[in-house]
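Down below is the structure, laid out as structure tokens.
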Amino acid sequence: MYDLRWIRDNPDAFDAGLGRRDVAPQAAAILKLDAEARANRTALQEAQNRRNELSKQIGAAKSKGGDADGLIAEVGELKSRVQDGEEKERGFTQSLRELLSGLPNQPEDGVPVGADEDANQELRQHGEAPAFDFAPKQHFEIGEALGLMDFDTAAKLSGSRFVLLRGELARLERALAAFMLDVHTGEFGYTETSPPLLVRAHTAFGTGNLPKFEEDLFKTEDGFYLIPTAEMVLTNVVRENVLAEDDLPLRQVAYTPCFRSEAGAAGKDTRGMLRQHQFNKVELVSITHPDESMAEHERMTECAEQILQRLGLHYRVMLLSTGDMGFAAQKTYDLEAWLPGQDSYREISSCSNCGDFQARRMEARYKPKQGKGTRFVHTLNGSGLAVGRTLIAVLENYQLADGGVAVPAVLQPYLGGQTRIG
RNA sequence: GGAGGGGUGCCGGAGUGGUCGAACGGGCCGGUCUCGAAAACCGGUGUACCCUUGCGGGUACCGUGGGUUCGAAUCCCACCCCCUCCGCCA
């Protein structure tokens with residue numbers, strides 16, 4: 001959501017930012033509507049002002065037992081003008097809201113311009129791809145051979161794009177989540193949260209998933225949406241709040257299932273558990289002072305990287321191009337883990353700074369210690385990490401020649417000291 | 001599912017047709033006092049928008065949207081949400 005006044009003062013910058021995201025210029029249409037709305041508002045307020053004055057006079061005259069018929073007649077004429085102006089005002093407000101709420105956030109300076117992921121920039125790599133003296137398998141080959149990853153049974157229950165994990169793999173997933181939560185809460189200052197997974201429409205609007213991306217969400221018959229990520233709930237925690245400046249930054253982490261309809265993803269990543277309707281994720285969300293969000297973005301990304309590093313996984317950090325960024329983001333880093341079975345890097349975390357974009361939609365503000373009024377907070381979210389995909393990465397990177405899988409050292413305490421699976 | 005209660009400012013909570021942007025209390029900010037702090041006391045403390053070069057003026061907002069009225073936090077209608085009790089239930 002945008003600040004109209006900012007668009008008024010910077011129409012060219014506004015359109016240029018949208019242009020970098022391949023959105024047609026909007027400033028002229030918005031400002032035309034805005035000018036009409038303000039003209040109407042001014043006229044309406046004058047009429048209201050006159051009405052209020054006359055009403056006071058009527059009250060005064062009547063309390064003295066005098067005659068107010070003349071005044072009542074005059075105010076009667078104003079009435080239709082006021083009602084007409086109010087109706088137009090509602091129309092303008094709604095039109096502007098619809099127009100503005102459908103536009104993506106402005107990309108930060110330095111974000112590469114491009115149509116899709118091919119324009120993403122690799123910033124750095126960490127670690128090295130493991131060497132194998134055999135042909136590394138893909139995660140589903142490993143899991144199915146162990147009898148611990150069952151797509152057929154999941155399909156019997158729920159159809160395609162679901163998986164059922166058993167035994168040591170189910171436990172490995174739980175171990176990964178517990179490890180991630182322990183690091184983020186114990187070392188990085190995030191507060192563990194166990195949130196609702198079903199939310200109402202206004203919550204989905206706040207993060208920018210509605211109104212434009214409804215088809216990506218699952219919706220219940222009573223009008224609830226299933227969260228596609230804990231970002232949606234953790235961010236909306238501050239919806240319509242006015243926080244004290246000392247409350248910032250507010251750092252939360254949650255381990256939750258995520259539900260995605262994967263509309264439009266037909267034929268993409270159909271094998272294995274890379275792209276599912278339901279997956280588990282540890283999500284980080286920070287609510288910050290506007291001046292701190294860029295530094296927090298680096299910090300959050302580092303927190304996510306720490307998990308990969310301690311798991312001994314090789315990865316690279318990508319700066320997403322304008323065409324690959326989410327609707328609400330102004331800058332996004334993706335962490336891509338190396339998957340030897342796939343012989344490619346795959347996204348395992350995505351860390352975004354949304355600036356005040358979501359805060360405006362949610363009306364989430366803080367009260368500065370100095371000065372008057374309130375300011376919008378900044379919001380950031382990042383996976384720390386996608387647990388299902390981390391499981392994939394562990395399987396493919398730690399696979400053994402005999403079909404088993406070694407357990408990374410940091411996870412062994414979570415598995416009763418076990419050093420291998422299978 | 002049945003019955004009832006309620007949504008007011010940063011928070012709690014009054015307010016049933018005009019002088020209510022809204023009592024009172026808490027919090028917060030400033031001051032007095034103090035070596036310093038606490039306590040006490042004094043003062044201050046809404047948001048958004050419009051017009052204006054400025055000084056300043058004005059409008060809206062008491063869950064949301066309509067309506068009645070010269071005038072609505074207050075009356076009417078619809079909707080949303082929350083809570084309590086009973087029932088059901090992990």
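Order of the sequence lines fixes the chain letters, A, B, ..., with proteins taken first and strands second; residue numbering starts at 1 for each chain. Computed from a predicted model, the values in this text were never measured in an experiment.
Between the CZ atom of Arg81(A) and the P atom of U59(B) there is a distance of 14 Å, given to the nearest Å. As rounded to whole Å, 13 Å separates atom C1' of C70(B) from atom CD of Gln83(A). For Asn40(A) and C51(B), the CG to P distance is 12 Å, given to the nearest whole Å. Atoms CZ (Arg375(A)) and P (U47(B)) sit 14 Å apart, rounded to a whole Å. A straight line from NZ of Lys367(A) to P of C10(B) spans 7 Å, rounded to a whole angstrom. Between Gln45(A) atom CD and U52(B) atom C1' there is a gap of 13 Å when expressed in whole angstrom units.
Ionic pairing of Glu262(A) and Arg161(A) is not present here: no N-O contact between side-chain nitrogen and carboxylate oxygen is shorter than 4.0 angstrom. Between Arg50(A) and Glu53(A) there is a salt bridge, since a side-chain N of the basic residue sits under 4.0 Å from a carboxylate O of the acidic one.
For U53(B) and C41(B), the P atoms lie 48 Å apart once the distance is rounded to whole Å. Taking atom C1' in both A14(B) and C62(B), one finds a spacing of 12 Å when rounded to whole Å. Taking atom C1' on both nucleotides, G46(B) is separated from C42(B) by 23 Å, rounded to a whole Å. C82(B) and A72(B) have their P atoms separated by 31 Å, given to the nearest Å. Between U64(B) and C80(B), the two C1' atoms lie 7 Å apart (nearest whole Å).
Base pairing analysis places G4(B) opposite C83(B); the two distances defining the Watson-Crick or G-U wobble pair are each below 3.5 Å. Of all nucleotides present, only U32(B) satisfies the Watson-Crick or G-U wobble test against A40(B), with each distance under 3.5 Å. Shown here, C10(B) forms a base pair with G26(B); the pair counts as Watson-Crick or G-U wobble because both key distances fall under 3.5 Å.
The ring pair (Phe, Tyr, Trp, His ring centres under 6.0 Å) contacts involving residues 155-183 of chain A comprise Phe162(A)-His277(A), where partners must be two or more places apart or lie in separate chains.
Contacts of Arg346(A) classified as salt bridge (Lys or Arg N to Asp or Glu O under 4.0 Å), with partners at least two apart in sequence or in another chain: Asp269(A). With sequence neighbours excluded, no residue forms a side chain to side chain donor-acceptor pair (under 3.5 Å) with Lys137(A). Considering only residues two or more places apart in sequence or on other chains, Arg81(A) meets the side chain to side chain donor-acceptor pair (under 3.5 Å) condition with none of them. Residues passing the side chain to side chain donor-acceptor pair (under 3.5 Å) test with Tyr414(A) are Asp182(A), sequence neighbours excluded.
Nearest-nucleotide positions on RNA chain B for Lys56(A) and Asn52(A) put Lys56(A) closer to the 5' end. For the pair Val242(A) and Glu46(A), nearest-nucleotide mapping onto RNA chain B gives the more 5' position to Val242(A).
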Show the distances under 3.5 angstrom between N or O atoms of the protein and N or O atoms of nucleotides 80-84 of chain B.
{"residue": "C81(B)", "atom": "OP1", "partner": "Arg200(A)", "partner atom": "NH1", "Å": "2.7"}

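A close approach under 4.0 Å does not occur between any side-chain nitrogen or oxygen of Asn49(A) and OP1 or OP2 of G58(B). Dashed line: the shortest gap from a side-chain N or O of Arg41(A) to OP1 or OP2 of A60(B) is not under 4.0 Å. Side-chain nitrogen and oxygen atoms of Arg51(A) include none within less than 4.0 Å of the OP1 or OP2 phosphate oxygen of G18(B). In this structure, Arg5(A) reaches the C49(B) phosphate: one of its side-chain N or O atoms is under 4.0 Å from OP1 or OP2.
Cation-pi geometry between Arg361(A) and Phe205(A) is satisfied (NZ or CZ under 6.0 Å from the ring centre, within 45° of the ring normal).
Counting only heavy atoms from C-beta on, Thr374(A) has its side chain closest to A48(B) among A48(B), C51(B), C70(B). Nearest to the side-chain atoms of Ile58(A) among the listed nucleotides C70(B), A48(B), C49(B) stands C70(B).
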